[in-house]
Asks: 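The following block contains the structure, expressed as structure tokens.
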Amino acid sequence: QVQVVESGGGLVQTGGSLRVSCVASGRTIGPYHMAWFRQAPGKEREFVSAIASSGTTTKYADSVKGRFAISRDNAKNTVYLQMNSLNPADTAVYYCAVGWRRTLGTRTFDYDYWGQGTQVTVSS
């Protein structure tokens with residue numbers, strides 16, 4: 001079993017920055033792909049970003065490309081999402097996910113363990 005806990009969410013003004021973190025415990029995350037998804041009220045959960053177990057491959061949703069950056073520290077079993085130039089459309093609960101599919105996925109069913117989420121609110 002892998003336990004996943006997100007932190008770092010909060011309230012920020014438009015144009016601001018925020019970094020959310022995700023710590024996985026129970027197993028080392030080294031062999032696992034990690035990802036961030038988000039869900040706004042009344043909307044489906046959507047892919048934000050993913051990073052391969054090696055850390056050398058990353059993927060981003062078009063809506064965040066150039067503004068968000070994902071990184072990982074396997075020694076700390078932690079993955080980060082640096083979010084810059086935030087706007088109200090980024091307001092959502094952000095979820096961290098862990099998975100070990102052969103390829104780096106962008107769909108919710110590509111991941112097996114999920115955190116409870118952390119709220120990010122961007123005010124206009």
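Just so you know, these numbers come straight off a predicted model, no measurement behind them.
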Asks: Any donor and acceptor pair, going by atom type alone, linking the side chain of Arg107 with main-chain N or O of Phe47 inside 3.5 Å?
Replies: no
Asks: Against Trp36, only a single residue in Val48, Ile51, Val64 fulfils side-chain contact (heavy atoms from CB on, under 4.5 Å); can you say which?
Replies: Val48
Asks: Could you walk me through whether Val20 and Glu6 satisfy the side chain to side chain contact (heavy atoms under 4.5 Å, CB included) test, starting with their C-alpha distance in whole Å, then the side-chain angles of each, then the deciding distance to 0.1 Å, before giving a yes or no?
Replies: CA-CA 7 Å; Val20 290; Glu6 305 94 337; over 6 Å; no
Asks: Using a 4.5 Å cut-off on heavy atoms from C-beta on, say whether the side chain of Ser25 contacts that of Asn77.
Replies: no
Asks: Could Arg19 and Tyr80 be counted as a cation-pi pair, given that NZ or CZ must be under 6.0 Å from the ring centre and within 45° of the axis?
Replies: yes
Asks: Taking atom CD of Glu46 as the centre, report whether more than 12 heavy atoms of other residues, nucleotides or ligands fall under 6.0 Å from it.
Replies: yes
Asks: Arg101 and His33: which non-hydrogen atoms are nearest, and at how many Å?
Replies: O-NE2, 3.1 Å
Asks: Working note: Cys96 + Trp114, criterion side chain to side chain contact (heavy atoms under 4.5 Å, CB included); need CA distance, chi angles, decisive distance, verdict.
Replies: CA-CA 6 Å; Cys96 179; Trp114 293 80; over 6 Å; no
Asks: Can you tell me which residue pairs pass the salt bridge (Lys or Arg N to Asp or Glu O under 4.0 Å) test with a partner in residues 79-95, sequence neighbours excluded?
Replies: Arg38-Asp90, Arg67-Asp90
Asks: Ser54 and Thr56: which non-hydrogen atoms are nearest, and at how many Å?
Replies: OG-OG1, 2.7 Å
Asks: Which heavy atom of Ser17 sits nearest to which heavy atom of Ser85, and what is that distance?
Replies: OG-N, 4.4 Å
Asks: Show the nearest heavy-atom pair for residues Met34 and Val98, with the distance to one decimal.
Replies: SD-CG2, 3.5 Å
Asks: Run the numbers on Gln13 and Val122 for side chain to side chain contact (heavy atoms under 4.5 Å, CB included), then give the verdict.
Replies: CA-CA 5 Å; Gln13 291 185 334; Val122 185; over 6 Å; no
Asks: Let me confirm one number: the OG1-CG distance from Thr58 to Leu104, rounded to the nearest 0.5 Å.
Replies: 8.0 Å
Asks: Minimum heavy-atom separation for Lys65 to Tyr60, with atom names?
Replies: CE-O, 3.6 Å
Asks: Looking only at non-hydrogen atoms, find the nearest pair between Gln39 and Lys43 and report the distance.
Replies: NE2-O, 3.1 Å
Asks: Side chain of Thr14, backbone of Ser123: donor and acceptor closer than 3.5 Å?
Replies: yes
Asks: Please check this pair: side chain of Ser53 against backbone of Tyr32, looking for a donor-acceptor N/O pair closer than 3.5 Å.
Replies: no
Asks: Test of understanding: with side chain to side chain contact (heavy atoms under 4.5 Å, CB included), list the residues that count as partners of Thr121, not counting sequence neighbours.
Replies: Leu11, Thr91, Gln119
Asks: Parallel under 30°, tilted from 30 to 60°, perpendicular over 60°: which one fits the rings of Tyr113 and Trp100?
Replies: tilted
Asks: Should Tyr95 and Gln116 be marked as a side chain to side chain contact (heavy atoms under 4.5 Å, CB included) after you check the CA-CA gap, both sets of side-chain angles, and the distance that decides it?
Replies: CA-CA 7 Å; Tyr95 295 92; Gln116 293 299 307; 5.8 Å; no
Asks: With a 4.5 Å heavy-atom cut-off, do Ser21 and Val79 have their side chains touching?
Replies: no
